[in-house]
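Below: one structure, written as structure tokens.
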Amino acid sequence: MSDTVKVIYGNKTYELPLVIGTEGEKAIDISRMRTETGLITLDYGYANTGSCYSSITFMDGEKGILRYRGIPVEQLAESSTFIETAYLLINGQLPNRAQLNRFSVLLNDHSLMHEDMRSFYEKYPRASHPMGILSSMVNALRSFYPELQSTEEEINITMTRLLSKVRTMAAMSYKISRGHKVVYPRPDLTYCANFLNMMFDTPVKPYRLDDELVEALNVFWILHADHEQNCSTSAVRVVGSGRVNLYAAISAGIAALWGPLHGGANQAVIEMLTHIKNDGGNIKPYIARARDKNDPFRLMGFGHRVYKTYDPRAKIMKEMCHRILDKLNLSDPLLDIAMELEAVALKDEFFIENNLYPNVDFYSGIALRAMGIPTNMFTVMFAIGRLPGWIAQWKESMDDPNWKLCRPRQIYTGQTKMDYIPLDER
Ligand code: ACO
């Protein structure tokens, strides 16, 4: 096969390089296209645009494949822990025992939050959304902790600090929002166990850790840990490309994740399912609305920019919902509605034609509800899980000698040149 692509424009033919990834993905390298042809490309939503080379995550949306550093997400969900997966994403390989121990010690050492940050939390209006608070607080970390970004060891400390503190900050925001005493991280607990304990332990009712719930949280976070160049990861890379500090870049990622078309969908799904339940539980009008081109309603938790088949994470998440509910001897009417919606949608012409399958957010809220996580914290749970991916992608961009300031162009459609008219002549 030719390693160039010919572009015919006017009476000239230009040859642009063809680049091929390790999994056979092909792209036309247009870096020199404007210089050579005077043309730019136009691509709404960057749906056909590769923004970088990356060796972190591979996904094949047609086949439903997701791998972190080459390892299938199914295997990681089955056998790994969130912390080990975070190490894998950030460092490129699974840690040996000594490396994993060192990483755990660092996470523990950096798990406390500066006490002065508590006053920020306490001044936030009670009804604030936790994602807004988290985004601001992560940005504020830069004022409390110097950014260590020169040596490899310093970068590791900054990254570990973020991973550890964001978990503490998330649990703390929940406690403060409820007017409860803050629970500190404990050195004897693992990352996930610590989070559940910080969320649910109270002085009058000690929290009893359940191994299966801890395991479920590990899997939940592993499934969210990275997803190549999605909206929030691209936000981290774009904001980071201006060489801003890591905290600010991650804060931008959190803000991007908040939207209901992206990570905020996990909250939106539960709100939609609750609405259907309160409306009598009949799903038919909602399927009809989703199909109606004149109705902006969308079935939340369905569809994906890249997956044109069942999202592999949704499959694991659905099984997890059943496992947790069985274990806790609970039933959730929202799960019944979700499964009914899925069954109807998967046979419906509109959903088949548009390749609309459940995505990771469709079942994740039901799993989180069973763990006792309140609905407005769902997207925060997503953010904690995505943190290793954001960090790994930020680090990869900073280490890439070709990474440039991200600055797309446009096709201008406004008024052509006209003269200024003085105020009293208008
Ligand atoms: N319900 C009904 N129709 C849908 C849905 C849906 N959930 N998703 C897409 N469609 C329709 C669109 O209306 C569009 O129809 P049209 O071509 O007639 O206009 C067609 O399917 C293609 O959809 P696009 O919006 O062009 O596809 P895109 O790749 O831009 O959208 C997205 C992907 C934003 C995820 C979309 O499927 C959606 O809005 N889903 C619901 C929100 C959601 O679950 N988001 C979470 C995604 S996973 C994540 O980010 C973590």
Side-chain angles (χ1 to χ4, degrees), residues 19-27 29 31 46 49-61 65-73 76 80 82-95 99 103 106 138 147-163 166 221-257 262-263 305-306 382-408:
V19 296
I20 306 180
T22 50
E23 290 284 351
E25 286 187 314
K26 298 183 193 74
D29 180 347
S31 322
Y46 308 133
T49 297
S51 61
C52 57
Y53 285 95
S54 180
S55 60
I56 301 171
T57 289
F58 172 70
M59 54 188 292
D60 181 325
I65 293 174
L66 175 61
R67 298 181 199 138
Y68 301 156
R69 301 286 188 182
I71 304 177
V73 74
L76 291 165
S80 185
F82 176 58
I83 282 314
E84 189 183 58
T85 300
Y87 187 100
L88 168 74
L89 284 166
I90 295 170
N91 297 288
Q93 62 215 354
L94 287 169
Q99 288 165 326
F103 192 43
L106 266 183
V138 166
E147 199 197 16
L148 305 171
Q149 223 164 281
S150 319
T151 64
E152 193 68 20
E153 182 63 11
E154 285 184 351
I155 293 172
N156 282 341
I157 290 177
T158 304
M159 293 188 302
T160 317
R161 185 176 270 153
L162 249 177
L163 273 175
V166 163
W221 276 338
I222 288 171
L223 295 180
H224 286 84
D226 194 44
H227 217 219
E228 51 121 301
Q229 308 313 316
N230 57 84
C231 172
S232 54
T233 301
S234 298
V236 170
R237 279 186 176 256
V238 169
V239 172
S241 79
R243 294 292 187 264
V244 74
N245 65 79
L246 173 62
Y247 302 116
I250 299 292
S251 165
I254 295 171
L257 187 74
H262 189 19
R305 172 60 61 76
V306 180
F382 191 150
I384 301 173
R386 184 53 56 84
L387 200 49
W390 286 333
I391 293 174
Q393 300 270 354
W394 170 85
K395 186 169 181 285
E396 187 179 68
S397 68
M398 290 300 127
D399 291 344
D400 182 347
N402 295 319
W403 190 243
K404 298 169 89 147
L405 175 74
C406 293
R407 204 299 188 188

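Reckoned from all heavy atoms, side chains included, excluding hydrogens, waters and symmetry mates.
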I need the [X] [atom1] to [Y] [atom2] distance, nearest 0.5 Å.
X	Y	atom1	atom2	value
L223	L66	CG	CG	8.5 Å
L89	R69	CG	CZ	6.5 Å
N245	W394	CG	CH2	9.0 Å

Only counting residues at least two apart or in another chain, list the ones meeting side chain to side chain contact (heavy atoms under 4.5 Å, CB included) with [X].
X	result
A255	S135
E84	S80, T81, L94, P95, L100
T49	D43, Y46
L162	V138, L141, V166, L246, Y247, I250, I391

Could you pull out the closest heavy-atom pair between [X] and [Y], with the gap in Å?
X	Y	value
G385	P388	O-CD, 3.1 Å
A252	A235	O-CB, 4.1 Å
Q393	S54	OE1-OG, 3.9 Å

Under the rule for salt bridge (charged side-chain N to carboxylate O under 4.0 Å, His left out), what residues qualify as partners of E23, not counting sequence neighbours?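 Partners of E23 by the salt bridge (charged side-chain N to carboxylate O under 4.0 Å, His left out) criterion, ordered by chain and then number, come out as R67.
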
side-chain hydrogen bond (donor to acceptor under 3.5 Å, both in side chains) partners for [X], two or more places apart:
X	result
D29	S31
T57	D226
Q93	none

Between T85 and V73, does the side-chain contact (heavy atoms from CB on, under 4.5 Å) criterion hold? Intermediate values first, please. CA-CA 10 Å; T85 300; V73 74; over 6 Å; no

Please check: side-chain N/O of [X] versus main-chain N/O of [Y], any donor-acceptor pairing under 3.5 Å?
X	Y	answer
H262	S232	yes
T233	Q229	no
Y68	I222	yes
N91	L88	no
N230	E228	yes

I'd like to check the ring-ring contact (aromatic ring centres under 6.0 Å, His included) partners of F58; sequence neighbours left out, ordered by chain and number.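 Partners of F58 by the ring-ring contact (aromatic ring centres under 6.0 Å, His included) criterion come out as none, since no residue qualifies.
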
I'd like to check the ring-ring contact (aromatic ring centres under 6.0 Å, His included) partners of F82; sequence neighbours left out, ordered by chain and number.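 Counting only residues at least two positions away or on another chain, F82 forms a ring-ring contact (aromatic ring centres under 6.0 Å, His included) with Y191, W221.
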
Would you mind reporting whether W390 and L257 have side-chain heavy atoms less than 4.5 Å apart?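 The answer is yes; the side chains approach within 4.5 Å.
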
Less than 4.5 Å apart, side chain to side chain, heavy atoms only: is that true for E25 and I20?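 No - every pair of side-chain heavy atoms lies 4.5 Å or more apart.
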
Residue pairs involving residues 231-242 (criterion salt bridge (Lys or Arg N to Asp or Glu O under 4.0 Å); sequence neighbours excluded):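 Pairs touching residues 231-242 that pass the test: R237-E396.
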
Could you list the donor-acceptor pairs under 3.5 angstrom formed by side chains in residues 400-407, with sequence neighbours left out?
| unit_1 | atom_1 | unit_2 | atom_2 | d |
| --- | --- | --- | --- | --- |
| D400 | OD1 | N402 | N | 2.8 |

Side-chain donor-acceptor pair under 3.5 Å between D399 and S397, yes or no?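 Short answer, no.
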
